[in-house]
Amino acid sequence: MLRAFASAFRTPDLRKKILFTLGIVAIYRLGSNIPGPGVAYGNLNQCLQDAEAGAQADLYSLVNLFSGGALLRLSVFALGIMPYITASIIVQLLVVVIPRFEQLKKEGQSGQAKLTQYTRYLTIGLAILQSTGIVALARSGQLFPGCNLPLIPNDSVFTQVTLVVTLTAGTAVIMWLGELLTEKGVGNGMSVLIFTSIAARMPAEGGDILQNRGGFVFFLVCLLGLVIITSVVYVEQAQRRIPVQYAKRMVGRRMYGGTSTYLPLKVNQAGVIPVIFASSLLYLPQLIQQLQGDQTGPISQFIQNNLLNQSSPVHISFYFALIVFFTYFYVSITFNPEDRADDMKKYGGFIPGIRPGRPTAEYLSYVLSRITLPGSLYLGTVAVLPNLLLSVTANGTTAAQNFPFGGVAVLIMVGVGLETVKQIESQLQQRNYEGFLR
């Protein structure tokens with residue numbers, strides 16, 4: 001990997017792309033640390049320190065993860081990339097439900113451009129809703145429960161509207177930066193920005209472990225993190241290759257086909273989406289508890305002790321079961337064995353020993369269900385690692401997110417890192433092949 005980066009910097013056009021990528025990342029991190037208008041930054045830092053010391057479970061901790069800690073600081077880029085991720089998931093699910101969206105997906109580049117435009121509109125709408133909710137929580141003092149310092153001293157309507165517009169505009173700028181990075185930089189722009197947000201939190205989390213638990217525990221966590229990252233890389237690269245043979249056919253005077261290839265089915269076919277779905281649903285009980293108002297009732301106590309307590313066996317089991325369920329659900333709506341079998345049949349392809357058409361679809365469905373089980377168990381295990389290791393990384397006060405090498409963070413970082421390195425290597429090989437052909 002280091003050799004690939006060194007070769008990339010020696011190539012002029014690739015060096016420009018890498019420097020452009022680093023420039024966009026620097027702008028993104030700068031916007032994540034600029035406070036929004038009307039926010040009392042000193043009071044905000046004090047409330048944030050008290051909240052971290054008390055390890056309070058936050059309804060928006062997943063969004064805060066994807067914003068690199070900018071959400072709880074009410075910065076210009078406070079919402080981060082989360083509205084775009086949510087909009088992309090919604091549009092992707094609507095492709096299965098709405099026939100018009102499914103038709104657009106089959107139209108190729110023009111249809112995909114239309115779906116991208118719908119995603120942008122939905123992103124702005126979600127950003128308005130989320131920014132309004134966050135400003136309302138900050139104004140009422142519910143963003144940091146127990147902190148009585150005013151976060152927005154000027155409680156006028158103009159100040160609140162200005163802050164909502166600023167946060168929404170920040171989301172639009174992030175979306176533009178991500179698309180610009182995809183076009184002129186290296187890697188997928190949105191994924192690189194998510195990678196940056198998550199990586200920005202790791203040094204602070206590692207410092208908390210070193211300060212609270214000592215050097216020996218910090219060394220063990222780093223060693224365990226290396227094992228986890230190696231395992232995640234191994235599973236992310238794992239795939240079941242189904243051989244596909246294409247029959248020979250005459251087109252004019254030329255013979256086409258007769259080649260052998262394979263259909264790759266990844267073990268982790270769903271990616272990180274099931275973990276995001278499950279994490280979002282786990283915060284619904286806390287929202288219900290806050291809306292209920294009564295914190296001493298039996299239902300509220302059960303929610304507090306079992307569903308919100310991240311080290312509770314009920315919480316861990318429920319979280320694991322949700323991930324397994326959403327893995328099967330997401331794979332079923334994103335990979336259609338019948339469509340894949342029809343495409344193979346249309347171009348004269350077949351799996352050796354399997355008849356084309358419906359038998360091929362049934363065989364693909366059988367294989368996919370077999371490899372989805374270990375994929376779902378793998379996702380669930382990695383996701384609940386911070387909960388299982390809460391006693392190791394915490395000193396009675398620190399939260400489960402202080403384990404840096406578990407959950408959705410390591411899945412995204414490893415996936416984005418592998419994809420970026422692959423793109424750099426493919427561009428390097430392309431330039432080497434051009435020089436060889438000359």
Side-chain angles (χ1 to χ4, degrees), residues 88-116 118-119 234-278 320-380 411 415 419:
S88 301
I89 294 174
I90 292 174
V91 171
Q92 194 171 9
L93 294 177
L94 290 179
V95 169
V96 185
V97 179
I98 301 178
R100 171 61 179 166
F101 280 23
E102 185 177 2
Q103 182 182 358
L104 287 175
K105 184 179 180 180
K106 294 181 179 179
E107 287 180 1
Q109 187 174 1
S110 60
Q112 190 62 41
K114 199 71 174 178
L115 291 176
T116 302
Y118 291 153
T119 304
Y234 178 78
V235 178
E236 289 292 331
Q237 298 288 87
Q239 57 183 222
R240 167 72 182 275
R241 297 182 176 183
I242 300 178
V244 178
Q245 180 75 32
Y246 284 92
K248 295 182 179 180
R249 53 195 177 96
M250 290 292 296
V251 179
R253 293 185 176 182
R254 293 193 174 185
M255 179 78 71
Y256 291 93
T259 59
S260 298
T261 182
Y262 61 87
L263 178 65
L265 296 180
K266 294 184 63 176
V267 173
N268 183 20
Q269 191 79 13
V272 75
I273 301 299
V275 182
I276 296 177
F277 282 175
F320 190 89
L322 282 177
I323 292 175
V324 173
F325 169 76
F326 280 119
T327 301
Y328 276 94
F329 172 75
Y330 190 75
V331 169
S332 65
I333 66 175
T334 55
F335 185 91
N336 192 334
E338 295 182 359
D339 291 345
R340 193 59 59 91
D342 291 340
D343 292 339
M344 291 170 54
K345 184 178 180 181
K346 184 187 302 182
Y347 294 101
F350 63 94
I351 300 175
I354 307 295
R355 292 172 59 88
R358 184 172 182 81
T360 299
E362 293 176 351
Y363 176 76
L364 291 177
S365 179
Y366 170 76
V367 174
L368 189 64
S369 63
R370 293 290 295 271
I371 66 172
T372 302
L373 177 60
S376 62
L377 297 179
Y378 147 76
L379 280 178
L411 293 173
E419 186 64 27

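FYI, side chains are in, hydrogens and waters are out, and symmetry mates aren't considered; it's all heavy atoms of this structure.
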Closest contact, heavy atoms only, [X] versus [Y]:
{"X": "Ala361", "Y": "Glu338", "answer": "CB-CA, 3.9 Å"}
{"X": "Ser376", "Y": "Tyr328", "answer": "OG-CE1, 4.0 Å"}
{"X": "Thr360", "Y": "Arg355", "answer": "OG1-O, 2.6 Å"}
{"X": "Ala278", "Y": "Leu322", "answer": "CB-CB, 3.7 Å"}
{"X": "Pro352", "Y": "Pro243", "answer": "CD-O, 3.4 Å"}

When rounded to the nearest 0.5 angstrom, what is the spacing between [atom1] in [X] and [atom2] in [Y]?
{"X": "Asp339", "Y": "Asp343", "atom1": "CG", "atom2": "CG", "answer": "6.5 Å"}
{"X": "Ile242", "Y": "Thr261", "atom1": "CD1", "atom2": "OG1", "answer": "11.5 Å"}
{"X": "Thr372", "Y": "Leu377", "atom1": "OG1", "atom2": "CG", "answer": "10.5 Å"}

Examine distances only and state if a side-chain atom of Thr119 and a backbone atom of Leu115 form a donor-acceptor pair shorter than 3.5 Å.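 Yes; at least one donor-acceptor contact below 3.5 Å.
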Item checked: CA sep, side-chain torsions, deciding dist, call: Leu364, Leu263, side-chain contact (heavy atoms from CB on, under 4.5 Å) -> CA-CA 10 Å; Leu364 291 177; Leu263 178 65; 3.7 Å; yes
Query raised in the report: Quick one: side chain to side chain donor-acceptor pair (under 3.5 Å) pairs with a partner in residues 92-111, sequence neighbours left out?
Result: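 Matches after skipping sequence neighbours: Gln92-Tyr330.
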Is the closest side-chain heavy-atom distance between Leu104 and Tyr118 below 4.5 Å?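 Counting from C-beta outward, Leu104 and Tyr118 do come under 4.5 Å.
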Do Phe326 and Leu379 come close enough that some side-chain heavy atom pair is under 4.5 Å?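 In short, these two side chains do not touch, never coming nearer than 4.5 Å.
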Parallel, tilted or perpendicular: which one describes the rings of Phe325 and Phe329, with boundaries at 30° and 60°?
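Parallel: the ring planes of Phe325 and Phe329 meet at under 30°.
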By salt bridge (charged side-chain N to carboxylate O under 4.0 Å, His left out), Arg358 pairs with (sequence neighbours left out) Glu362
Tell me which donor-acceptor pairs under 3.5 Å the side chains of residues 264-272 have, and how far apart each pair is, sequence neighbours excluded?
from: Asn268; atom 1: OD1; to: Gly271; atom 2: N; distance (Å): 3.2
from: Asn268; atom 1: ND2; to: Glu236; atom 2: OE2; distance (Å): 2.7
from: Gln269; atom 1: OE1; to: Lys266; atom 2: N; distance (Å): 3.0

